[in-house]
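Below is one structure, written out as structure tokens; comments come after it.
Values below: every heavy atom of this structure, side chains too, minus hydrogens, waters and symmetry copies.
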Amino acid sequence: MNTIESVRVPVPGGELYTEVVGSGPPLVLLHAGVMGVGMWDEQLELAADYRLIRYDARSHGRSTTAMADCRAEEDLLALLDHFEIGTASLMGNSMGGATSLTFALQNPERVDRVVLFGPGVPPVDFRDPFILEGHREQAAARQAMDIDRYVEAVLRIGVDGPHRRPDEVDQQIRARCRDMAMATVGNHYTATGRLLERDVASRLAEITAPTLLVVGELEATDLHRMARDAVERMPNAELVEMAGCGHMASMENPKEVNELIRRHLGG
């Protein structure tokens with residue numbers, strides 16, 4: 001069993017809580033919004049073949065609260081430089097997928113291959129009534145300072161999705177996601193800085209790194225739309241729909257997901 005090393009990586013104005021395990025080609029894991037490093041536990045078996053680096057984004061988990069606006073892709077660059085990594089493969093879910101796409105556009109020479117799960121494509125354009133209603137619920141919960149209500153809205157969007165009731169989702173996965181979301185909200189409710197977006201959507205054709213996009217069958221229509229658009233416009237992209245899964249496909253179906261990851265990273 002590989003030992004996980006915990007590191008605090010300095011970035012301008014703060015630190016990123018980071019875990020490193022395994023040896024081999026580097027693979028950086030970027031979590032979904034409001035989640036944390038724990039959403040990649042099912043992928044730790046990949047440490048037999050890869051040097052896995054997973055970290056909490058700024059204002060998430062055990063990383064520093066952002067009190068000024070910042071760019072997630074610049075934090076990722078600082079992380080690679082800290083570990084003296086020239087090129088790495090990237091694996092991101094949702095917000096982490098958006099960061100991966102942005103980084104691959106800005107720093108193509110630093111990226112080997114990319115794996116994305118239900119990624120947002122900045123500037124993210126949400127249209128699905130289910131997601132829009134979830135965002136309204138989050139805003140109302142934030143206004144009322146009701147953490148439990150806010151986190152439940154996060155889970156409805158990011159774990160259950162529009163096609164399942166909360167009791168139809170694996171309860172252990174839902175509980176783990178709830179714990180991660182509670183930690184992020186509880187630790188970072190004072191954040192005044194935003195994660196700034198770049199325009200990636202209009203420049204997708206410039207991202208040449210071989211990219212695998214995985215979308216859960218039960219995800220919201222926005223995620224399917226953005227993934228389809230990305231695959232049509234990126235020159236080296238492939239789309240896989242994961243049957244019976246929502247936004248957390250890597251947690252819900254790790255056996256098939258890990259096989260897909262190995263196949264894609266192995267070329």
field: Between CD1 on residue Ile261 and CG on residue Leu212, distance to nearest 0.5 Å
entry: 8.0 Å
Side chains of Thr65 and His188, donor plus acceptor under 3.5 Å: yes
- prompt: When you look at Arg262 and Glu259, which way does the salt bridge (Lys or Arg N to Asp or Glu O under 4.0 Å) test go after all the steps?
  reply: CA-CA 5 Å; Arg262 286 191 180 96; Glu259 287 173 1; over 6 Å; no
message: Could you tell me if the side chain of Tyr55 sits less than 4.5 Å from the side chain of Leu30, heavy atoms only?
response: yes
- prompt: For Ala66, does its backbone N or O pair with a side-chain atom of Ser59 as donor and acceptor, under 3.5 Å?
  reply: yes
query: More than 12 foreign heavy atoms under 6.0 Å from CZ of Arg194: is that the case here?
result: no
message: Which label fits Trp40 and Phe117: parallel for a plane angle under 30°, tilted from 30 to 60°, or perpendicular past 60°?
response: tilted
message: Within the 4.5 Å heavy-atom criterion, are Ile85 and Arg51 side-chain neighbours or not?
response: yes
message: Salt bridge or not between Glu137 and Arg156? Use side-chain N to carboxylate O under 4.0 Å.
response: no
- request: Spell out, as yes or no, whether a donor-acceptor pair under 3.5 Å connects the side chain of Asp56 to the backbone of Arg62.
  value: yes
- prompt: When rounded to the nearest 0.5 angstrom, what distance separates CZ in Arg54 from CD in Glu19?
  reply: 4.5 Å
- request: Check whether any side-chain heavy atom of Asp148 sits under 4.5 Å from a side-chain heavy atom of Glu152, and report yes or no.
  value: no
query: Is it true that a side-chain atom of His264 and a backbone atom of Val114 form a donor plus acceptor pair closer than 3.5 Å?
result: yes
query: What closest approach, in Å, do Glu42 and Met251 show between heavy atoms, and which atom pair accounts for it?
result: OE1-CG, 4.0 Å
- prompt: Mind checking whether Glu168 and His163 have side chains closer than 4.5 Å, heavy atoms only?
  reply: no
field: Whether Arg164 side chain and Asp160 backbone form a donor-acceptor pair below 3.5 Å
entry: yes
query: Do Asp229 and Arg225 have side chains that get closer than 4.5 Å, going by heavy atoms?
result: no
message: Assess the residue pair Arg233 and Glu206 against the criterion (salt bridge (Lys or Arg N to Asp or Glu O under 4.0 Å)); give the C-alpha distance rounded to whole Å, side-chain angles, the decisive distance to 0.1 Å, and a yes or no.
response: CA-CA 9 Å; Arg233 295 168 56 204; Glu206 298 175 42; over 6 Å; no
